[in-house]
Amino acid sequence: MAKKEQYIQVEPGIQQRVSDNKYVVWLDYGRQLKEDKKTGELKYKQVKTSKVVNTLREARALRGQNSKEKQHKKITGTTKKLAFSTVLEDYNSHKQHTWSDAYAMQKKAQSKRLLAYFGDRDVKSIDTIDVEEFFEWCRHEHENFPHPLGNNSINKIKSHMSDIWKFLKKNQNKYGIAENVVVDAEEGKIDEYEVTILSKEEVNTFIEAILKNENDYSAFTMVGCATLTGMRRSEICGLKWGDIDWENKVIRVDRGRVQSSTGSLEKLPKGEKKRISALPEPLAQMLLLVKEQQENFLNREVRADDYVYMQKTNLLNNYLPHPGKVSRRFRELQNRINKLRIKAGKELLPVVRLHDLRHTFISLCLNSGEVNPFQVSANVGHTCDDNTTTRIYWHDQGDRKEICEFIKSIITVEIKAYS
């Protein structure tokens with residue numbers, strides 16, 4: 001039978017082992033999150049251990065350091081529950097003065113989802129798996145969140161969460177968080193959407209189908225501005241009649257109208273850059289049809305500060321279309337056109353996203369070899385920064401003649417005939 005080890009109590013928490021005269025230090029690390037090996041759940045447990053050292057001096061040093069750590073946790077409250085809702089409120093209070101109005105609205109919408117999921121849960125109990133499960137939760141409909149988030153929105157909310165944990169780490173003495181659990185979280189399975197480019201023949205077919213079958217010419221604003229000048233959805237929603245220079249054949253892209261938690265708000269175009277875009281003759285003819293129809297609906301002339309993209313119901317009921325629903329209107333338009341083509345026994349038009357029409361415009365211009373690439377970049381709001389010459393010395397003078405001439409050459413539909 002093994003002989004029981006004998007110890008001599010030297011000081012509180014320190015014992016001397018009789019067999020070899022070494023010192024045993026008993027350490028208490030307080031309550032910590034530990035995984036239950038049976039259930040796999042994280043639970044708070046009191047963590048205690050011991051260490052063996054050769055001298056009393058080493059033992060006292062270990063004991064003193066352990067006491068300091070316990071006292072620090074007691075003072076800062078890091079051993080207590082740290083509610084996510086409290087942390088989020090602290091973060092927003094500290095950061096919100098640095099946010100633009102549009103950014104603040106985005107953060108507010110994201111915070112609602114974060115609070116709905118994490119609520120008052122202890123931040124110290126949230127790990128990378130929890131964050132990944134939250135991202136997956138965001139991809140589905142819920143009672144107060146009927147619209148699932150897509151890849152772009154998931155990436156933005158991940159960036160938001162990562163900033164929160166950076167804030168906690170920076171204030172480690174207060175919050176006791178030493179690791180950013182968001183950085184390595186996977187956003188989930190992301191299906192890459194393959195861009196579909198329309199040919200010039202398909203573009204003409206699309207425009208002709210709108211002319212023949214659509215009673216509401218707001219579709220021209222949506223399709224024409226995206227396909228014939230490369231405007232983004234937000235820029236189409238923000239376009240006003242006063243931005244169109246009919247004489248010089250250009251459009252001033254001064255703003256975008258984006259969705260927010262309260263509806264929509266105006267902001268500068270993507271990249272915070274205003275620009276000049278071409279107004280090719282076919283697009284000008286389409287927009288004149290839109291203008292004429294709007295004036296018939298309103299029983300007055302359109303004003304400079306009236307929005308160009310307005311459906312009939314928006315005009316008659318005096319409210320702006322929600323930017324988030326424009327893409328859905330575009331899908332519905334495609335469905336109507338293809339149903340008619342099925343009945344007529346014609347080949348279906350490719351199903352594309354509204355943003356694919358911007359890709360179509362750029363690709364048609366560049367692949368033609370007839371348009372200066374710098375002019376195309378400036379027209380769509382891209383920065384020419386490949387080298388010092390273009391980044392510093394090249395200045396856009398707003399010349400869009402090559403684009404206007406090229407677009408006019410490929411659009412063969414007789415738009416004026418439908419006026």
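- Of the listed residues (Ile251, Asn379, Val250, Val253), just one forms a side chain to side chain contact (heavy atoms under 4.5 Å, CB included) with Ile276, and that residue is Val250.
- With hydrogens and angles left out, the side-chain atoms of Asn151 and Arg139 include a donor and acceptor closer than 3.5 Å.
- The salt bridge (charged side-chain N to carboxylate O under 4.0 Å, His left out) test applied to Glu58 returns no partner, not counting sequence neighbours.
- Using a cutoff of 4.0 Å between basic side-chain nitrogens and carboxylate oxygens, Asp356 and Arg353 are scored as salt-bridged.
- One finds the CG atom of Asp254 at 10.5 Å from the CD atom of Glu235 (value rounded to the nearest 0.5 Å).
- Between Phe220 and the options Val308, Leu288, Leu283, Ile210, a side chain to side chain contact (heavy atoms under 4.5 Å, CB included) holds for only Ile210.
- What you find for Ala185 and Val131 is that their closest heavy atoms are CB-CG1, 3.7 Å.
- The closest side-chain donor-acceptor pair between Asn367 and Ser363, if any, does not fall under 3.5 angstrom.
- A salt bridge links Glu332 to Arg329: at least one charged side-chain nitrogen sits closer than 4.0 Å to a carboxylate oxygen.
- For CZ of Arg57, the number of neighbouring non-hydrogen atoms (other residues, nucleotides, ligands) closer than 6.0 Å is 12 at most.
- Within a 6.0 Å radius of CD in Glu89, no more than 12 heavy atoms belonging to other residues, nucleotides or ligands are found.
- Side chains of Asp90 and Tyr175: a donor-acceptor N/O pair is present below 3.5 angstrom, by distance only.
- If you take CD on Glu208 and CD1 on Ile411, they are separated by 11.0 Å, rounding to the nearest 0.5 Å.
- No salt bridge links Lys401 with Glu405; every basic N to acidic carboxylate O contact stays at or beyond 4.0 Å.
- Residues Cys225 and Leu239 share a closest heavy-atom pair of SG-CD2, 4.1 Å.
- With Asp306 as the fixed residue, the side-chain hydrogen bond (donor to acceptor under 3.5 Å, both in side chains) test singles out one of Arg300, Gln294, Lys240: Arg300.
- For Ala116 against Trp137, the heavy-atom pair with the smallest separation is CB-CH2, 4.2 Å.
- Relative orientation of the Trp99 and Tyr91 rings is tilted, given thresholds of 30° and 60° on the angle between their planes.
- Look at Asp130 and Arg121 and you find a salt bridge, because one of the NZ, NE, NH1 or NH2 atoms lies within 4.0 Å of a carboxylate O, short of that distance.
- In this structure His359 satisfies the side chain to side chain donor-acceptor pair (under 3.5 Å) test with no other residue, sequence neighbours excluded.
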